[in-house]
Amino acid sequence: IGENEFLSDFNQYKNRLFWILVILTSLGLSGIVLLFKVISRNQKTMDALTIANQKNQELIQKLEKEHKASTQAASYDPLTNLYNRTLFISLAEKNLLQAKRNTFCYAVLFIDLDRFKKINDTLGHHIGDLLLKEVGMRLKGCTRKSDIVSRFGGDEFVVMLTEMDKEQDISTVVENIMVTLSKPCADLNGHRIITSPSVG
């Protein structure tokens, strides 16, 4: 074999290796580019899912908050945060059913404030509202957690005393309510108001 023929075969072999290397390199680079595209696409998908999940969580929290607010509005007096008429009646009915099966004493007290209309007319509804809030807090302080304290509207409050051991205990609570609500309300926007309850 002559030198030229040998070099020619060698050059052809080298060229084949070169093109094989170029093809393999191109395939490798294409694979890397494709891999990066897939990773990028997957990352975008994950980011989109994360954002969607966050929005869903925010929506769920908003719905829960609105549900809680609507339940609160349907069950509680907005001024005093006591039970309203609807919830009081529902809870009272359940307690009266229990009363038939036990030996405890129960009592329903209807309470309103003397001269409340005059206070509203002379000092304004804002002072009247502050007085009602104070009365609501005092009633809660005079009763137990098991008792049902509600505001039906205006200056009308209704309290259900539940599972009292004896009737004398009811009289004690009523006396405490009378004394507590008759104490002056000294810090109602600069006004000192004295009123007294009527309990029936």
Side-chain angles (χ1 to χ4, degrees), residues 61-200:
Q61 290 175 358
K62 184 179 178 181
L63 290 173
E64 287 177 346
K65 188 175 180 181
E66 290 177 354
H67 175 70
K68 186 177 180 181
S70 63
T71 302
Q72 180 85 3
S75 304
Y76 293 85
D77 172 57
L79 180 64
T80 61
N81 204 36
L82 298 175
Y83 296 141
N84 63 14
R85 180 191 297 264
T86 303
L87 186 55
F88 174 86
I89 292 172
S90 175
L91 294 173
E93 286 176 348
K94 291 178 182 177
N95 275 274
L96 289 175
L97 288 174
Q98 289 180 353
K100 294 178 180 179
R101 297 193 295 268
N102 60 45
T103 59
F104 292 113
C105 298
Y106 292 73
V108 177
L109 312 177
F110 291 87
I111 305 164
D112 57 35
L113 303 176
D114 298 335
R115 302 185 304 109
F116 179 73
K117 185 178 185 303
K118 186 176 180 181
I119 293 168
N120 248 353
D121 292 341
T122 56
L123 299 178
H125 289 282
H126 175 63
I127 300 301
D129 287 347
L130 292 177
L131 177 60
L132 293 173
K133 286 182 180 181
E134 178 65 23
V135 169
M137 286 190 291
R138 291 186 183 189
L139 281 175
K140 290 291 285 185
C142 292
T143 53
R144 306 160 301 167
K145 287 185 177 180
S146 58
D147 297 327
I148 307 168
V149 183
S150 69
R151 177 179 174 235
F152 274 25
D155 66 328
E156 185 180 4
F157 295 84
V158 182
V159 177
M160 184 176 199
L161 305 177
T162 65
E163 298 185 351
M164 308 294 286
D165 289 329
K166 49 187 181 295
E167 289 187 15
Q168 185 180 348
D169 294 336
I170 296 172
S171 300
T172 302
V173 174
V174 171
E175 184 178 343
N176 187 29
I177 288 174
M178 294 286 291
V179 171
T180 301
L181 297 189
S182 296
K183 291 178 181 178
C185 298
D187 191 22
L188 298 182
N189 207 19
H191 295 278
R192 186 174 185 271
I193 297 175
I194 300 176
T195 185
S196 57
S198 295
V199 182

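Computed from heavy atoms alone, side chains included, the values below leave out hydrogens, waters and symmetry copies.
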**Q.** Nearest-0.5 Å distance, NZ of residue K140 to OG1 of residue T80
**A.** 9.5 Å
**Q.** More than 12 heavy atoms from other groups under 6.0 Å of CD on E156
**A.** yes
Q: Drop me the distance from M164's CE to L161's CG, to the nearest 0.5 angstrom.
A: 5.0 Å
Q) At what distance, to the nearest 0.5 angstrom, does CD1 of I177 lie from CD1 of I111? A) 4.5 Å
Q) Can a salt bridge be assigned to the pair K166 and D169 using a cut-off of 4.0 Å between side-chain N and carboxylate O? A) yes
Q) Does R151 use its side chain to pair, donor to acceptor, with the backbone of G154 at less than 3.5 Å? A) yes
Q) What's the spacing between D112 CG and F157 CZ if we round to 0.5 Å? A) 10.0 Å
(Q) Please check this pair: side chain of N81 against backbone of D77, looking for a donor-acceptor N/O pair closer than 3.5 Å. (A) no
(Q) Please check: side-chain N/O of S90 versus main-chain N/O of T86, any donor-acceptor pairing under 3.5 Å? (A) no
Q: Test K133 against D129 for salt bridge (Lys or Arg N to Asp or Glu O under 4.0 Å), laying out the working first.
A: CA-CA 6 Å; K133 286 182 180 181; D129 287 347; over 6 Å; no
Q. How about Y83 and Y76: are their ring centres within less than 6.0 Å of each other?
A. yes
Q.
Between D147 and R144, is the salt bridge (Lys or Arg N to Asp or Glu O under 4.0 Å) condition met? List the steps.
A. CA-CA 5 Å; D147 297 327; R144 306 160 301 167; 2.6 Å; yes
**Q.** Rounded distance (nearest 0.5 Å) linking atom SG of C142 with atom CG of L181
**A.** 6.0 Å
**Q.** Separation between CG of D165 and CD of E163, rounded to the nearest 0.5 Å
**A.** 9.0 Å
